[in-house]
Amino acid sequence: MINRLNEINDVKIYSVFDEEFKPYGRIVEGYDFSELCAYMKESTEIPENGNVYYPSIAKMEDTPVFDEV
């Protein structure tokens, strides 16, 4: 998947396991993100080119795991 993303984007995409990713975040374990994953699969689209940024999505923020994390 990362190889494909790098083929179609003009910005290098790194795996969360790559050293280059460390400044951007870390892997969070021990939480049930299934509700958020289901929402993203059902309610969002991946654009053919580029990306879309939403600084806040109330429906995702109104989940139990959002408050836990």
Side-chain angles (χ1 to χ4, degrees):
M1 165 91 89
I2 287 186
N3 290 337
R4 177 68 181 130
L5 289 171
N6 281 319
E7 289 173 8
I8 61 175
N9 282 283
D10 58 352
V11 175
K12 174 81 171 149
I13 306 295
Y14 294 101
S15 164
V16 296
F17 301 107
D18 289 342
E19 189 67 28
E20 294 88 347
F21 186 83
K22 280 189 175 184
Y24 304 103
R26 61 186 174 86
I27 297 172
V28 178
E29 298 178 306
Y31 297 95
D32 180 6
F33 292 106
S34 58
E35 187 176 359
L36 294 176
C37 291
Y39 173 83
M40 288 186 287
K41 286 181 182 178
E42 296 168 6
S43 305
T44 62
E45 294 182 24
I46 299 173
E48 184 68 30
N49 292 305
N51 60 59
V52 179
Y53 171 72
Y54 297 100
S56 179
I57 300 176
K59 187 130 182 155
M60 294 179 75
E61 294 172 8
D62 191 28
T63 61
V65 73
F66 184 85
D67 292 330
E68 291 176 30
V69 175

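Below, each value reflects all heavy atoms present in this structure, side chains not excepted, and no hydrogens, waters or symmetry copies.
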Main-chain N/O of S34 paired to D32 side chain as donor or acceptor, under 3.5 Å
yes
For [X], give me all partners under side-chain contact (heavy atoms from CB on, under 4.5 Å), at least two apart in sequence or on another chain.
| X | result |
| --- | --- |
| E19 | K22 |
| I27 | V16, F17, E29 |
| K12 | N6, Y14 |
| E42 | A38 |

For Y39, which fellow cluster members are found when Ile, Leu, Val, Met, Phe, Trp and Tyr are connected by side-chain heavy-atom distances below 4.5 angstrom, either directly or through intermediates?
V28, Y31, F33, L36, M40, V52, Y54, I57, M60, V65, V69
Not counting sequence neighbours, list each pair that qualifies as a salt bridge (Lys or Arg N to Asp or Glu O under 4.0 Å) and has a residue in residues 60-69.
none
[atom1]/[X] to [atom2]/[Y] distance, rounded to the nearest 0.5 angstrom?
| X | Y | atom1 | atom2 | answer |
| --- | --- | --- | --- | --- |
| I13 | D18 | CD1 | CG | 11.0 Å |
| R4 | N9 | CZ | CG | 9.5 Å |
| N51 | I46 | CG | CD1 | 11.0 Å |

